[in-house]
Amino acid sequence: MQHVYVENLRDHVGSVVTLKGWLYNRRSKGKIHFLQLRDGTGIVQVVMVAGQVPQEQFEAASSLGQESSIIVRGLVKEDARAQGGYEIDGQDLVIVSPAHDYPIQKKEHGPDFLLDHRHLWLRSRKQVALMRVRSAVIFALRSFFDRRGFVNMDAPIFTPNACEGTSTLFAVDYFEETAYLTQSGQLYGEAGAMALGKIYTFGPTFRAEKSKTRRHLTEFWMLEPEVAYADLNDIMRLAEDMLSEVVAEVLARRAPELEILERDTSSLKRVQAPFPRVTYDEAAKILAEEGTGFVYGNDLGAPDETAISKRFDRPVMVTHWPADIKAFYMKRDPADPTKVLGCDVIAPDGYGEIIGGSQREDDLALLEQRIAHEKLPKEAFEWYLDLRRYGSVPHAGFGLGLERLVAWISGTEHVRECIPFPRTIYRMRP
RNA sequence: UCCCCGAUAGCUCAAUCGGCAGAGCGAGCGACUGUUAAUCGCUAGGUUGUUGGUUCGAUUCCAACUCGGGGAGCCA
């Protein structure tokens with residue numbers, strides 16, 4: 001007798017197996033119970049017929065509440081009438097722990113109620129599928145970088161100062177000194193690239209901005225590759241290869257989950273490098289035609305990003321941004337010093353900016369000027385300037401927002417469902 | 001910080017012009033041998049977010065507050 005998972009039932013047709021899980025739903029009709037057992041890998045229907053199981057088990061099942069933990073032994077059968085194609089002829093039922101009045105019903109709920117019950121909401125069919133997609137995305141990203149010889153070298157989460165000097169940071173008491181939760185691992189990633197050639201950091205990132213949109217979290221996961229001896233074009237190719245391979249792998253490995261999530265995969269199948277590229281100036285022309293109210297010189301707003309992405313059938317790369325609206329470490333374009341060698345990748349279907357990257361300023365004097373111009377505390381950046389004093393090389397990298405990527409691939413409206421326990425401006429419980 | 005919207009049973013929502021607080025689901029009890037959010041019958045379930053105002057009378061109109069949702073800005 002072996003304990004099998006629902007996702008492997010096809011290998012056990014005709015055998016008697018033991019399944020361990022929770023009661024997802026029960027439909028009882030007189031002398032027959034239909035128990036839907038979920039175990040995290042899937043849901044299967046268990047049929048219990050009176051007279052074919054011990055009488056006390058049949059009666060116990062008739063009052064069994066949703067999410068009761070149960071162990072079932074039964075015969076695996078193929079049955080066209082069952083969802084998923086397989087069914088269990090129940091022979092024995094053990095109630096591990098009965099549950100009553102489970103708060104989340106099999107009906108629609110509002111976001112407030114569901115987020116208050118996030119610890120239980122995670123058991124729902126779509127949320128399970130979403131977490132499995134998220135896990136597959138992370139695995140695909142890590143294996144992509146591993147295949148290409150990158151070393152995972154994570155950045156610290158406590159930092160002594162702002163990385164980019166713009167966003168509002170979360171301050172914490174650090175032994176009578178103020179520390180901040182990191183908003184980016186990039187500067188540390190640059191140190192790693194000078195040590196190891198090509199690295200990526202992957203960890204939680206914190207922004208204390210009071211953003212209230214479906215694309216924002218105060219705590220999110222960011223993956224940031226950084227490559228020595230690389231220019232803007234190198235990391236643009238890296239970004240489009242990464243997205244293409246990750247999307248293909250998730251399509252191949254998580255098709256059932258994407259179906260549960262009702263994701264139309266036809267647009268994902270078109271996600272293949274190379275991606276269309278437009279400069280900021282070209283994007284501004286498109287926006288003038290579209291009449292979005294875009295003002296030249298500003299950053300792209302969410303409606304601007306959507307208008308541009310609608311012109312193409314795959315992610316779009318926008319390059320050569322005005323230096324004034326970008327971070328101090330981005331390298332100026334030699335052909336036009338008002339622009340920087342930066343690149344944002346905009347996902348289709350209104351999911352917005354999923355990647356922001358650039359070639360980094362590698363000239364010590366120019367970087368010192370930029371730090372002075374931005375009125376940043378130079379002493380805090382001395383270690384960073386050392387990277388230019390001792391063997392500076394052209395280098396580049398980007399940051400990928402994991403939850404935005406997962407939201408796009410899974411077709412989820414809001415990024416808060418794409419992380420197990422979302423942290424937003426008005427919500428940090430449970 | 002700004003703009004818009006919302007709060008009524010455990011959940012999702014309704015309540016006409018300001019006039020007795022309603023339904024479905026869930027829960028409890030009962031019926032049913034193929035249900036797919038099963039169906040059918042019965043029962044219980046309410047300080048209408050809080051405070052104040054207008055009124056003979058407020059779930060309904062007004063104000064403030066609290067909590068939440070969507071968006072802007074900022075960003076991934």
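In what follows, chains carry the letters A, B, and so on, assigned in the order in which the sequence lines appear, proteins first and then strands, with residues in each chain numbered from 1. From a predicted model like this one, the values you see are computed outputs, not experimental measurements.
Below the 3.5 angstrom threshold, one finds a donor paired with an acceptor across the side chain of K212(A) and the base of G69(B). At a cut-off of 3.5 angstrom, counting only N and O atoms as typed in the model, there is a donor on one side and an acceptor on the other between the side-chain of H216(A) and the base of C75(B).
If you check the side chains of S358(A) and R360(A), you find a donor sitting under 3.5 Å from an acceptor.
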Show your working on side-chain contact (heavy atoms from CB on, under 4.5 Å) between M222(A) and L400(A) and close with a plain yes or no. CA-CA 5 Å; M222(A) 188 154 68; L400(A) 166 76; 5.6 Å; no
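Rounded to whole Å, atom C1' of A31(B) lies 14 Å from atom NE2 of H33(A). Put simply, CD on Q105(A) is 7 Å from P on G26(B), counting in whole angstrom units. Rounding to whole angstrom units, CD1 of residue I425(A) and P of G73(B) are separated by 16 Å. One can place CG of L120(A) at 18 Å from P of G10(B), the figure rounded to the nearest angstrom. Summarising the geometry, the separation between CG on N298(A) and C1' on C75(B) is reported as 15 Å, rounded to the nearest angstrom.
On the P atoms, U59(B) is 15 Å away from G53(B), given to the nearest whole Å. Rounded to whole Å, the separation between the P atoms of C17(B) and U60(B) comes to 15 Å.
Checking U12(B), C75(B), C74(B) against every side-chain atom of E209(A), the shortest atom distance belongs to C74(B). Relative to the side chain of K107(A), the nucleotides G34(B), U12(B), G68(B) differ in distance, and U12(B) lies closest. Here the side chain of R416(A) is nearest to one of G34(B), G69(B), C75(B), namely G69(B). For T213(A), the side-chain atoms get nearest to A72(B) when compared with the rest of A76(B), A72(B), G69(B).
In terms of phosphate contacts, R27(A) brings no side-chain nitrogen or oxygen within less than 4.0 Å of OP1 or OP2 of C32(B).
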